[in-house]
Amino acid sequence: MMNKIILKEKLDLELSLFSGQAFRWKKKLNWYYGFIDNKFLKLRIKNNCLEYVCSDDWVAQDKVYDYFGLGIKYNEIFENFDDELSTVAYKKLQGMRVLNQDPWECLISFIISAWSNVPKISNTIHLLCQKLGYKYILDDMVGYSFPSPIQITGLTESEMKSFGMGYRGQYVLKTSKIIEENKILLSDFYNEDYFDSLKFLLTFPGVGDKVANCVLIYSLKKYNAFPVDLWVERLLVEDYGLNKKMSLINKRKWGQNYFGKYSGIIQHYLFHYKRKYNH
DNA sequence: GTTTGACCTGGATCC
DNA sequence: CTGACCAGGTCAAAA
């Protein structure tokens, strides 16, 4: 059964799903296959509507709506912020949305992402899901749900290495154990402010300032989170005149202060623009 | 508070 | 074809 969501603002699935915030969407014949609410489905844009078809499990419309953050008006954010480069990036990448992913999957994914690259990250996550996840089939595509903390704690370090995690395997294992043993629900942090959430995330092994800020902006709706990776750092130094010597934390704080309440969303546009058009 | 180097690993680049 | 090198960070050590 086909579901439709009428779009009020432009949505570009290619840009939203393949701009380095999510790692396991697959495109086939104009459909994008992947997981929302950890259930397998496919999506496409047609006639100003977002259409989707679920596999075995039904995904409610508001979950899909929320995944793409469709309640946030990007027009207003960028119109109200007078900055040349941001305006250019916005026009060039219009329709790219900052996603609201599952926080648990997001946390593990970005721990794995440390000092790596997108194809490798995707592959590692895929192997992990294939090993432990629930198998879904839709058309001729197969999808595996993202494993729970207790499932991951059942793995050995050598199994982690066989997925290509390298030294990040022990971080993933330890973080899963902490979450499992303390019955932590990351979704509780929807109700906490940015600073408290950040402080808590930093207690997990393998989570530094960059990874924590990724989890906050790409899953926990902290729109002023501001991950400073290599690309954003270059951007701040080359295009905004920051001193290269400034610490990463201070660069992050500068960004949050300069770009404001929605600095995380603006950051994602600038980050992607820098990577794509302006190395 | 900063700076430095080790850390897994697959793939691109350059001899 | 081998080997150093790099890539969307984190952590621990530093007389």
Side-chain angles (χ1 to χ4, degrees), chain A residues 14-25 89 93 96 98-99 101 105-128 130-131 152 155-179 198-219 225-240 242-255 259 263-279:
Chain A
E14 185 76 22
L15 284 173
S16 301
L17 302 174
F18 296 106
S19 52
Q21 43 179 338
F23 300 101
R24 53 200 203 105
W25 286 90
L93 300 171
M96 181 172 73
V98 168
L99 305 174
Q101 305 178 63
E105 173 174 345
C106 195
L107 174 65
I108 296 302
S109 299
F110 279 97
I111 290 176
I112 292 169
S113 79
W115 206 242
S116 187
N117 53 64
V118 176
K120 213 174 131 182
I121 299 162
S122 296
N123 187 245
T124 297
I125 297 172
H126 170 71
L127 291 173
L128 179 69
Q130 185 175 244
K131 172 83 179 176
I152 293 183
L155 295 172
T156 63
E157 272 198 45
S158 68
E159 280 175 307
M160 299 301 257
K161 288 210 168 172
S162 73
F163 302 147
M165 295 220 190
Y167 62 87
R168 306 164 198 85
Q170 51 173 322
Y171 295 150
V172 172
L173 221 42
K174 283 181 189 166
T175 294
S176 301
K177 277 184 184 145
I178 294 170
I179 291 197
L198 174 66
K199 221 164 93 180
F200 188 76
L201 287 173
L202 290 174
T203 63
F204 293 116
V207 178
D209 196 74
K210 190 268 175 182
V211 169
N213 275 276
C214 283
V215 175
L216 291 168
I217 184 62
Y218 298 131
S219 75
F226 196 85
V228 178
D229 66 355
L230 219 70
W231 291 96
V232 173
E233 188 177 15
R234 276 177 205 156
L235 175 96
L236 293 175
V237 172
E238 291 169 12
D239 303 305
Y240 289 90
L242 265 61
N243 189 334
K244 204 185 289 183
K245 296 274 184 191
M246 189 190 275
S247 71
L248 284 177
I249 303 249
N250 283 330
K251 287 192 181 101
R252 187 202 89 211
K253 287 179 181 166
W254 185 92
F259 294 105
S263 52
I265 291 176
I266 298 172
Q267 169 271 160
H268 192 67
Y269 272 80
L270 291 171
F271 158 76
H272 198 60
Y273 181 77
K274 185 83 177 165
R275 288 197 63 192
K276 209 169 168 185
Y277 300 107
N278 173 32
H279 310 201

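Fair warning: this is a prediction, and the values are worked out from it, not measured in the lab. Every chain is numbered from 1 and lettered A, B, ... according to where its sequence line falls, protein lines coming before strand lines.
In this structure, A:Phe110 and A:Phe23 have perpendicular ring planes: the angle between them is above 60°, well past the 30° mark. Aromatic ring orientation, A:Tyr167 versus A:Tyr171: perpendicular (interplanar angle above 60°, classes split at 30° and 60°).
When each of A:Lys253, A:Arg252, A:Lys251 is paired with A:Asp209, the salt bridge (charged side-chain N to carboxylate O under 4.0 Å, His left out) condition holds for A:Arg252 and for no other. With respect to A:His268, the side-chain hydrogen bond (donor to acceptor under 3.5 Å, both in side chains) criterion is satisfied by exactly one of A:Ser263, A:Ser19, A:Ser16: A:Ser19.
Base engagement by A:Val118 is indicated by at least one non-hydrogen atom pair under 4.0 Å involving a base atom. Across all strands, A:Phe23 comes closer than 4.0 Å to no nucleic acid atom at all (heavy-atom distances). A:Pro205 comes within 4.0 angstrom of the backbone, heavy atoms only, and of no base. Within 4.0 Å of A:Gly208, counting heavy atoms only, lie sugar-phosphate atoms of the nucleic acid but no base atom.
A:Phe271 has its CZ atom 14 Å from the C1' atom of C:dG9, to the nearest Å. Nucleotide C:dT10 holds its P atom 12 Å from the CG atom of A:Leu230, rounded to whole Å. Straight-line distance from the CZ atom of A:Arg234 to the C1' atom of C:dC6: 11 Å, rounded to whole Å. Atom pair A:Tyr167:OH and C:dA12:P shows a separation of 13 Å (rounding to whole Å applied). Note: CD1 (A:Ile249) to C1' (C:dG9) measures 12 Å, nearest angstrom. Straight-line distance from the NZ atom of A:Lys251 to the C1' atom of B:dT2: 12 Å, rounded to whole Å. Note: CZ (A:Phe204) to P (C:dT10) measures 14 Å, nearest angstrom. The interatomic distance linking A:Ile121 (CD1) with B:dG11 (P) rounds to 14 Å, in whole Å.
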Open item on the list: ring pair (Phe, Tyr, Trp, His ring centres under 6.0 Å), that's the test. Do A:Tyr269 and A:Phe259 meet it? Break it down for me.
Closed with: CA-CA 12 Å; A:Tyr269 272 80; A:Phe259 294 105; over 10 Å; no
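Picking from B:dT9, B:dT3, C:dA7 the nucleotide with the shortest atom distance to the side chain of A:Lys245 gives B:dT3. Candidate nucleotides C:dG8, C:dT10, B:dC8 were compared by shortest atom distance to the side chain of A:Val211, and C:dT10 ranks first. Side-chain atoms of A:Lys210 lie closest to C:dG8 of the nucleotides B:dT2, B:dC8, C:dG8.
Nucleotides C:dG8 and B:dT3 are separated by 23 Å at their P atoms, to the nearest Å. A gap of 22 Å separates the C1' atoms of B:dT9 and C:dA12, to the nearest Å. Spacing of C1' atoms, B:dG5 relative to C:dC5, comes out at 16 Å, to the nearest Å. Only the C1' atoms considered, C:dC11 is 23 Å distant from B:dG10, to the nearest whole Å.
Residue A:Tyr171 places no side-chain atom within donor-acceptor reach of the base of C:dG9, judged by atom type and a 3.5 Å distance cut-off alone. Taking 3.5 Å as the limit, the base of C:dG9 and the side chain of A:Arg168 contain no donor-acceptor pair of atoms between them.
Residue A:Lys244 holds its NZ atom at 10.0 Å from CZ of A:Arg234, rounded to the nearest 0.5 Å.
Nucleotide C:dG8 forms a pair with no other nucleotide shown, judged by Watson-Crick or G-U wobble geometry with both contacts under 3.5 Å. In a base pair of the Watson-Crick type (N1 to N3 plus N6-O4 or O6-N4) or a G-U wobble (N1-O2 and O6-N3), with each distance short of 3.5 Å, B:dT2 is matched with C:dA14.
Distances shown here put every side-chain N or O of A:Trp115 at or beyond 4.0 Å from the OP1 or OP2 atom of C:dA7. Here A:Asn250 reaches the OP1 or OP2 of B:dT2: one of its side-chain N or O atoms lies under 4.0 Å away.
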